[in-house]
2 protein chains.
Amino acid sequence: MNQDAAPTKKRRRAPEERRAAILEAARAAFAERGFAKTTVRDVAHRAGVTHGLVLRHFGSKEQLFLAAVPSPRTLMAEVAGDPKTLPARIARAYVRRMAESGGSDPFVAMLRAVASEEETAKRLFTVMQEDSLEMYRHVIPGPKLEERVAAVGAHLIGVTFSRYIFRSGPLASMSDEQLVRQLTRHLRGILLDQDD
Amino acid sequence: MNQDAAPTKKRRRAPEERRAAILEAARAAFAERGFAKTTVRDVAHRAGVTHGLVLRHFGSKEQLFLAAVPSPRTLMAEVAGDPKTLPARIARAYVRRMAESGGSDPFVAMLRAVASEEETAKRLFTVMQEDSLEMYRHVIPGPKLEERVAAVGAHLIGVTFSRYIFRSGPLASMSDEQLVRQLTRHLRGILLDQDD
DNA sequence: TCCACTGATGACCAATTGGTCAGTAGCAAC
DNA sequence: GTTGCTACTGACCAATTGGTCATCAGTGGA
């Protein structure tokens, strides 16, 4: 990911590097502007190449999305552990992850794409949700697990929307630390909910 | 007499009716497919007119959005009343409203449009949030009002996303009644939260 | 130095789409 | 019927964009 001004005369012979640069550029672009508003030329420009090359490497815009967006799911491994402190761990892991990418996490890209009815993104999102359900399944006790996990997911989606997509209001200006605290409390309320 | 096959035979001389039909079609289309994926021709077709007429009436796609999407704000009036039962009232009002429109409420259209970085939609959304904050302000006691209202809003956004945009998972298949109950509990947890 | 290989370019294409506008057709009054 | 009005149509346009491909140029090997 270089941000050179003009089309630098790139050293050649580094196809893998360029491929990675394109993927990185795509991730950022999709997260920042959504699938529809991101053009292949956008991505190419950010990566310092021509759009022809992008298509040559990835075949189509959709395949580019597919290659760029799926994030290392490893983070969710934090779920394992004492159910008592689970809400706090989820909150911390979520906030840290978003902060690391400066708000252009693939999760944001996926939400944006799903909101535009991109079939590909919906499929990815489904997989992601199923995976995370599976993780929770071993950790959380009590009935109606699915419903509570879905509610936690929805809450996180809403927070992400407010903070990283809409980017306005208290949730957007709140410090990471305060967000972790607030999120911990709210997630606890949802997760420990004993329903009807 | 030429009575076209597909397009309605439409009696003329009812410009207001047609205008309304276009607005209705626009609302549905924007809610179902998002701003970017909705074409002026889509809307025109749904309303049984040509895209030329749509543009003639509303000037541009953006102005059409602006004319169609802002929803009657009246619903939020339900907020007033005993703070004790507020969560339940919010939950009921929300679920009823979404159910009435069969999931193509303007709120959905706005979320989709905001997720695509439509400036117009972001402005509308800002106004809507400010209005609702104002309503809550008279009703809810305690400190950090803004943060708690924002959290409630975020939760509702997330639920809307899961149930009416992504349309998959427990939140999507849950009955209206169960959703009201679950939402009531979760909103209560957020609203009554005594924070740091 | 010359050659072969392939990463990379950029011209080109077709489809889509928002937007314009001159002309048409339905309606009412005379 | 004729005339006048205007809602409405559909042809047209320009810009955008995803995608293709002939051609070029940097690189390593002989």
Side-chain angles (χ1 to χ4, degrees), chain A residues 1-2 4 6-23 25-26 29-30 33-69 113 116-121, chain B residues 1-23 25-26 29-30 33-69 113 116-121:
Chain A
M1 44 187 203
N2 76 76
D4 325 7
T8 17
K9 40 181 42 188
K10 289 286 182 212
R11 276 225 73 44
R12 268 286 240 43
R13 200 84 320 180
E16 287 314 313
E17 248 170 58
R18 289 195 139 183
R19 197 189 155 90
I22 292 171
L23 283 175
F30 285 137
R33 327 213 314 129
F35 184 85
K37 279 210 162 162
T38 296
T39 69
V40 176
R41 283 168 177 81
D42 274 348
V43 174
H45 185 74
R46 280 182 193 239
V49 300
T50 58
H51 80 284
L53 185 65
V54 175
L55 273 314
R56 162 160 295 240
H57 272 318
F58 297 95
S60 74
K61 184 182 173 184
E62 190 172 317
Q63 284 180 280
L64 173 63
F65 183 85
L66 229 17
V69 161
S116 313
E117 292 288 302
E118 291 310 323
E119 277 312 313
T120 310
Chain B
M1 271 299 177
N2 172 8
Q3 289 194 246
D4 323 22
T8 20
K9 26 111 173 255
K10 286 289 180 211
R11 278 224 73 44
R12 266 285 239 51
R13 198 86 322 179
E16 286 313 315
E17 248 171 59
R18 288 194 140 181
R19 196 189 154 89
I22 292 171
L23 283 175
F30 285 137
R33 327 213 316 128
F35 184 86
K37 278 210 163 161
T38 295
T39 70
V40 176
R41 283 168 177 79
D42 274 348
V43 174
H45 186 75
R46 281 183 192 238
V49 300
T50 57
H51 80 286
L53 184 64
V54 175
L55 272 314
R56 164 159 295 240
H57 272 318
F58 297 96
S60 73
K61 183 181 173 184
E62 191 172 316
Q63 284 179 280
L64 173 63
F65 183 85
L66 228 17
V69 161
S116 312
E117 292 288 302
E118 291 310 325
E119 277 312 312
T120 309

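Proteins get letters first, then strands, A, B, ... in listed order; numbering begins at 1 in each.
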Nearest-angstrom distance from the residue atom CZ of B/R56 to C1' of D/dG10: 12 Å
For DNA chain C, the residues among residues 35-43 of chain B that have a non-hydrogen atom under 4.0 Å from it: B/T38, B/T39, B/V40, B/R41
Separation of atom CD in A/Q63 from atom P in D/dG18, rounded to whole Å: 14 Å
Test side chain to side chain contact (heavy atoms under 4.5 Å, CB included) applied to A/V40 and A/L64, step by step: CA-CA 9 Å; A/V40 176; A/L64 173 63; 5.6 Å; no
Rounded distance (Å) that lies between atom P of D/dG18 and atom NZ of A/K61: 4 Å
For atom CZ of A/R33 and atom C1' of D/dT17, their distance in whole Å: 13 Å
Euclidean distance, atom CG of residue B/L55 to atom C1' of D/dT9 [Å, nearest integer]: 13 Å
Residues which pass side-chain hydrogen bond (donor to acceptor under 3.5 Å, both in side chains) with B/R56, listed by chain and number, not counting sequence neighbours: none
For atom NE2 of A/H51 and atom P of C/dC13, their distance in whole Å: 14 Å
Backbone of B/A36 reached by a side-chain donor or acceptor of A/K37 within 3.5 Å: no
Whether A/F30 and A/F35 hold their rings parallel, tilted or perpendicular, with breakpoints at 30° and 60°: parallel
C/dA8 phosphate, OP1 or OP2, under 4.0 Å from A/H57 side-chain N/O: yes
Residue-phosphate contact under 4.0 Å: B/R18 side-chain N/O, D/dC8 OP1/OP2: yes
Closest non-hydrogen atom pair between A/A25 and A/R46, with its separation: CB-CB, 3.7 Å
Whole-Å distance separating the NE2 atom of A/H45 from the P atom of C/dG10: 13 Å
Length of the line joining B/L53:CG and D/dT6:P, which is rounded to integer Å: 16 Å
Closest non-hydrogen atom pair, A/V43 against A/I22: CG1-O, 3.8 Å
